[in-house]
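Notes for the one structure printed next.
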Amino acid sequence: MRLRQTLRDLIAAGLLRAREAGEAAFEEMPLFDLKNPKLPEHGDFSTNAALLLAARVKRPPRQVAEAVVRRLEAPPGLFDRITVAGPGFINFFLSDDAWRQVILEIHRLGPAFGNSTVGAGRRVQVEFVSANPTGPLHVGHGRGAALGDALANLLAAAGFTVEREYYINDVGTQILTLGKSLYFRVLELMGRSVEFPADGYQGDYVVDLARECLDERGPLDLAAEPESLFPELGRYAADRILAGIRQDLDDFGVGFDRWFSETALYDDGWVQKGFARLKEQGCLYEAEGALWFKATAFGDDKDRVVQRSTGATTYFASDIAYHLEKFTRGYDLVVDIWGADHHGYVPRLTAAAQALGYPGRLKVILVQLVSLLRQGEPVAMTTRGGAFVTLREVLDEVGKDAARFIFLTRRADAQLDFDLDLAKAQSAENPVYYVQYAHARLASVFRLAEAQGVTLAAPDPARLPLLALVEEMDIIKLLANYPDLVEGAAHNLEPHRITYCLTDLASRLHSYYYKHRFLSDDPDLTQARLWLVKAVQTVIAHGLGILGVAAPESM
RNA sequence: GGGCGAUUAGCUCAGGUGGAUAGAGCGUCGGUCUCCGGAACCGAAGGUCGGGCGUUCGAGUCGCCCAUCGCCCGCCA
């Protein structure tokens with residue numbers, strides 16, 4: 001049973017009956033809200049249906065509300081009362097018994113409570129991280145990784161069929177530049193005095209790679225033209241770096257269903273297929289020796305080059321090809337997660353998706369880059385400059401759970417300050433522990449209960465009314481709202497809502513725990529309270545599961 | 001110059017698709033343990049939601065203008 005849906009149906013039925021009775025001559029059913037008011041005096045649920053209707057039927061809102069309330073046919077025991085208040089809100093006060101049913105439901109569904117079927121199995125692909133294999137992942141990538149993975153979990157919980165994908169940009173000048181960088185580092189190790197190129201990747205990892213390269217492959221062929229060695233050295237370096245990226249992500253708890261290589265787009269002819277499709281649509285033209293996509297026809301500021309006058313295709317051409325390939329696979333929705341510095345790129349890719357014949361199926365989420373702080377001072381994070389903090393370093397310092405949780409405490413488009421010293425020095429005060437502690441604390445309670453010979457029987461509806469404290473009812477209402485919260489978070493592609501919900505739930509639990517003993521001399525009361533907190537533990541575990549954070553039995 | 005995103009308590013940020021009297025954490029100040037895990041709990045102080053105009057029965061939320069900050073604006077990736 002879902003209370004919210006039950007109520008919506010009741011209200012809709014009431015509206016229809018009011019119309020039949022000639023009290024509200026509306027044509028289309030209004031899209032009314034059903035909210036949880038902030039103030040307890042306004043009930044458990046409140047609807048603005050009468051306010052919306054009043055304007056259409058030209059009667060005072062309160063009169064309409066009264067009429068609707070008269071026509072409601074509520075099942076016995078569901079409500080304590082239904083009132084009309086304020087400008088014309090209809091407020092529903094549910095009976096405590098109605099609320100308590102959620103405990104039975106959670107017990108029945110167990111770890112599946114919170115899942116839903118709104119996704120109806122529709123296929124969603126989430127493409128994220130997709131960092132170029134020219135250097136190790138940094139903190140910003142970590143945020144994208146945490147978000148993408150949690151989003152994928154969230155969508156799966158909401159009933160979508162989800163696939164995770166990593167796109168590897170392994171074509172183009174950056175790989176040559178990487179090869180060049182490696183070349184010069186190896187030369188240095190061979191004792192040659194050379195000047196490292198200004199456009200090279202200066203990170204220490206290239207030096208490490210050079211050492212490995214020298215060990216494995218021996219000295220460079222100094223007789224060869226340096227440029228002729230760059231491609232192979234570049235591929236060598238990219239392969240090694242990518243292996244490191246995979247390892248970092250694996251340790252971060254992030255896995256992918258598919259690692260898609262840009263090279264494959266060319267091998268399989270997708271770039272040409274993309275061009276052909278655009279040409280069919282009349283969206284491709286030649287000018288100034290180059291090939292252009294008519295992006296302006298789909299809302300972009302200017303047309304975009306897909307093939308340079310040199311004959312080389314652009315990065316954008318690859319992306320067109322890649323998305324055509326994706327859409328061809330039949331996804332109902334493709335979600336791309338990018339760094340916010342790529343936002344200027346959104347209009348042209350959206351335009352391309354439309355031109356290819358897949359309007360509305362691409363959703364780009366922009367993640368603001370992480371501002372990394374050390375002792376309050378900003379840390380430079382450019383790959384070229386070499387002075388950056390890696391995801392690996394953060395993982396080693398603060399741990400997977402804390403890092404993921406912190407990344408998921410902000411909306412994607414809000415900047416995030418990540419103070420390493422704070423995270424390191426005060427990791428025990430990290431919000432993640434607050435939530436995990438609630439879970440572990442309950443595990444401890446159950447261990448103690450077991451040691452005392454208390455076994456948790458199946459919930460007995462007749463004894464649920466023993467749960468009547470304000471703290472207990474507040475928790476029950478949070479639990480009952482959880483499935484709706486998951487659906488809303490999934491619909492809006494916002495995993496951070498889960499984070500806040502869990503913090504709230506943990507807070508209520510801690511407070512409840514402090515004020516009232518779960519294990520008491522009264523066996524019935526003990527059972528009832530254990531049912532409740534078992535339900536809390538189940539929901540916390542579910543939410544942490546979406547975030548990809550462990551739900552520990554002890555800490 | 002154009003565009004995107006932001007602007008909510010001292011700080012960092014939530015605010016579910018427009019609802020009724022504005023929320024949390026941290027910090028500050030003051031309290032709570034003979035008791036299931038104190039990584040906890042309770043209380044207080046702290047706000048003209050950057051400014052203005054508009055739409056609406058009703059705006060932190062939607063539209064326009066302005067201010068400040070960040071980012072983007074290449075036949076780079």
Side-chain angles (χ1 to χ4, degrees), chain A residues 31 33 35-39 41-42 46-48 51-52 54-55 60-61 85-89 91 132 134 169 171-175 177 262 287-292 301-302 304-316 318-319 339-347 366 368-369 371 409-411 413-417 419 422 426-438 440-449 451-452 481 484-485 487-489 491-492 494 496-497 499-501 503-504 506-507 509-520 526 529 533 554-555:
Chain A
L31 293 172
D33 282 336
K35 302 212 163 189
N36 303 104
K38 292 173 216 160
L39 276 65
E41 308 92 273
H42 296 151
S46 178
T47 183
N48 63 347
L51 288 167
L52 296 178
F89 292 104
N91 296 333
N132 297 340
T134 54
N169 286 119
V171 175
T173 56
Q174 56 180 350
I175 299 298
T177 303
E262 183 181 3
E288 303 165 42
L291 201 55
W292 299 71
D301 293 338
K302 50 179 86 166
R304 307 291 175 175
V305 171
V306 292
Q307 187 168 30
R308 296 191 276 266
S309 47
T310 61
T313 53
T314 61
Y315 174 87
F316 181 44
S318 292
D319 249 355
D341 53 339
H342 289 75
H343 69 79
Y345 202 79
V346 176
L366 297 173
Q368 282 292 339
L369 299 181
S371 306
T409 52
R410 298 282 182 275
R411 288 200 328 268
D413 59 0
Q415 283 186 313
L416 171 64
D417 286 338
D419 192 314
L422 203 68
Q426 305 181 13
S427 59
E429 293 176 17
N430 204 301
V432 66
Y433 296 113
Y434 187 78
V435 176
Q436 286 186 317
Y437 182 58
R441 177 177 246 179
L442 291 178
S444 169
V445 169
F446 289 119
R447 282 194 297 272
L448 184 69
Q452 292 180 352
N481 187 53
D484 290 320
L485 186 124
E487 280 186 11
H491 183 255
N492 290 284
E494 291 181 345
H496 76 273
R497 294 190 193 185
T499 312
Y500 281 87
C501 166
T503 303
D504 196 12
S507 170
L509 188 277
H510 286 311
S511 180
Y512 176 42
Y513 175 90
Y514 187 86
K515 289 179 186 168
H516 307 284
R517 291 190 62 82
F518 304 163
L519 304 175
S520 66
T526 297
R529 289 186 172 169
V533 297
S554 65
M555 358 185 350

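Just so it is clear, the structure is predicted and the values come from calculations on it, not from any experiment.
In this entry the distance linking CZ of Arg304(A) with C1' of C73(B) reads 8 Å, nearest Å. When the P atom of G38(B) is taken as reference, atom CG of Leu509(A) falls 12 Å away, rounded to whole Å. Taking atom NE2 of residue His42(A) and atom C1' of nucleotide A22(B), one finds them 15 Å apart after rounding to whole Å. His491(A) places its NE2 atom 10 Å from the P atom of U17(B), with the value rounded to the nearest Å. Between the P atom of G37(B) and the CZ atom of Phe446(A) lies a distance of 12 Å, rounded to the nearest Å. In this entry the distance linking CD of Gln415(A) with C1' of G70(B) reads 6 Å, nearest Å. A39(B) atom P lies 5 Å from atom OH of Tyr437(A), rounded to whole Å. To the nearest angstrom, C1' of C36(B) lies 12 Å from OH of Tyr512(A).
Checked by atom type and distance alone, the side chain of Thr47(A) pairs as donor or acceptor with a backbone atom of Asp33(A) at under 3.5 Å.
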Give me the distances for all protein-to-nucleotides 57-59 of chain B N/O pairs that come in under 3.5 Å?
none

Polar atoms only, N or O, under 3.5 Å: list the protein pairs with nucleotides 44-47 of chain B and their distances.
none

Review item, nucleotides 1-5 of chain B N/O atoms under 3.5 Å of protein N/O:
unit_1	atom_1	unit_2	atom_2	d
G3(B)	N2	His343(A)	NE2	3.1

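With hydrogens and angles ignored, no donor-acceptor pair closer than 3.5 Å exists between the side chain of Asp33(A) and the base of G16(B). Side-chain N/O atoms of Ser507(A) and base N/O atoms of A24(B) include no donor-acceptor pair closer than 3.5 Å. Side-chain atoms of Asp341(A) stay outside donor-acceptor range of the base of A77(B), with no qualifying N/O pair under 3.5 Å. The base of C75(B) sits with one of its N or O atoms less than 3.5 Å from a complementary donor or acceptor on the side chain of Ser309(A).
Residue contacts shown for His496(A) are limited to sugar-phosphate atoms, with no base heavy atom under 4.0 Å away. Base engagement by Tyr513(A) is indicated by at least one non-hydrogen atom pair under 4.0 Å involving a base atom. Contacts of Ser46(A) with the nucleic acid, taken as non-hydrogen atoms under 4.0 Å apart, include base atoms. Residue Gln307(A) is out of contact with every strand shown, counting any heavy-atom pair closer than 4.0 Å. Within 4.0 Å (heavy atoms only), Leu448(A) reaches sugar-phosphate atoms of the nucleic acid but no base atom. Base contact: Asn481(A) has a heavy atom under 4.0 Å from a base atom. Contacts of Asp484(A) with the nucleic acid, taken as non-hydrogen atoms under 4.0 Å apart, are absent.
The shortest distance between side-chain heavy atoms of Thr499(A) and Thr409(A) falls below 4.5 Å. Taking 4.5 Å as the limit, every side-chain heavy atom of Arg529(A) sits out of range of all side-chain heavy atoms of Ser520(A). With a 4.5 Å cut-off on side-chain heavy atoms, Pro347(A) and Asp301(A) do not count as touching.
Here Lys38(A) reaches the OP1 or OP2 of A20(B): one of its side-chain N or O atoms lies under 4.0 Å away. Distances shorter than 4.0 Å separate none of the side-chain N or O atoms of Ser511(A) from OP1 or OP2 on A40(B). Residue Arg441(A) places none of its side-chain N or O atoms closer than 4.0 Å to OP1 or OP2 of C41(B). At the phosphate of G37(B), neither OP1 nor OP2 sits under 4.0 Å from any side-chain N or O atom of Arg447(A). The shortest distance between the side-chain N/O atoms of Tyr434(A) and the OP1/OP2 oxygens of C26(B) is not below 4.0 Å.
In this structure, NZ on Lys35(A) lies 14.5 Å from NE2 on His42(A), to the nearest 0.5 angstrom.
For the C1' atoms, the distance linking U7(B) with G52(B) amounts to 15 Å, nearest Å. Nucleotides A45(B) and G27(B) are separated by 12 Å at their C1' atoms, to the nearest Å. The separation of G19(B) from A44(B), taken at their P atoms, amounts to 27 Å, rounded to a whole angstrom. Comparing G47(B) with A9(B), their P atoms sit 10 Å apart, to the nearest whole Å. Across G60(B) and G51(B), the matching P atoms stand 11 Å from one another, rounded to whole Å. The same atom, P, is picked in C41(B) and in C4(B); the two are 43 Å apart, to the nearest Å. When the P atom is used for both C11(B) and G54(B), the distance is 31 Å, rounded to whole Å. Comparing A59(B) with U21(B), their C1' atoms sit 16 Å apart, to the nearest whole Å.
When every heavy atom of Pro37(A) is checked against every heavy atom of Ser46(A), the shortest pair comes out as CG-CB, 3.5 Å. Between Leu485(A) and Arg497(A), the shortest heavy-atom distance links the atoms CD2-O, 3.9 Å. The two atoms that bring Ala287(A) and Trp292(A) nearest to each other are O-NE1, 3.0 Å, heavy atoms only.
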Asn48(A)/Phe89(A) under side-chain contact (heavy atoms from CB on, under 4.5 Å): CA gap, chis, key distance, verdict: CA-CA 5 Å; Asn48(A) 63 347; Phe89(A) 292 104; 4.2 Å; yes

Show your working on side-chain contact (heavy atoms from CB on, under 4.5 Å) between Thr177(A) and Thr134(A) and close with a plain yes or no. CA-CA 9 Å; Thr177(A) 303; Thr134(A) 54; over 6 Å; no

If you apply the rule side-chain contact (heavy atoms from CB on, under 4.5 Å), what do you find for Val533(A) with Phe446(A), and how did you get there? CA-CA 10 Å; Val533(A) 297; Phe446(A) 289 119; 3.9 Å; yes

Under the criterion side-chain contact (heavy atoms from CB on, under 4.5 Å), I'd like the reasoning laid out for Thr503(A) against Val435(A): C-alpha separation, chi angles, the key distance, then a yes or no. CA-CA 6 Å; Thr503(A) 303; Val435(A) 176; 4.1 Å; yes

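For Leu39(A), the CG atom sits in a packed shell: over 12 heavy atoms of surrounding residues, nucleotides or ligands are nearer than 6.0 Å. When the shell of 6.0 Å around NE2 of His510(A) is examined, it contains more than 12 heavy atoms from other residues, nucleotides or ligands.
The side chain of Leu519(A) approaches C36(B) more closely than any other nucleotide in the set C36(B), U32(B), A14(B). Which of A77(B), U21(B), C36(B) sits closest to the side chain of Val445(A) comes down to C36(B). Closest contact between the side chain of Arg410(A) and the listed nucleotides A14(B), G38(B), A20(B) involves A14(B). Of all nucleotides listed (C75(B), A20(B), G19(B)), C75(B) comes nearest to the side chain of Trp292(A).
A20(B) has its base stacked against the ring of Phe89(A), the centroids being under 5.5 angstrom apart at an interplanar angle below 30°.
If you check A40(B) for Watson-Crick or wobble pairing at under 3.5 angstrom, you find it paired to U32(B).
Of the residues near RNA chain B, Ser554(A) and His510(A), the one whose nearest nucleotide (by heavy atom distance) lies more toward the 5' end is Ser554(A). Between Ala340(A) and Gly488(A), the residue anchored closer to the 5' end of RNA chain B is Gly488(A), taking for each the nucleotide with the nearest heavy atom.
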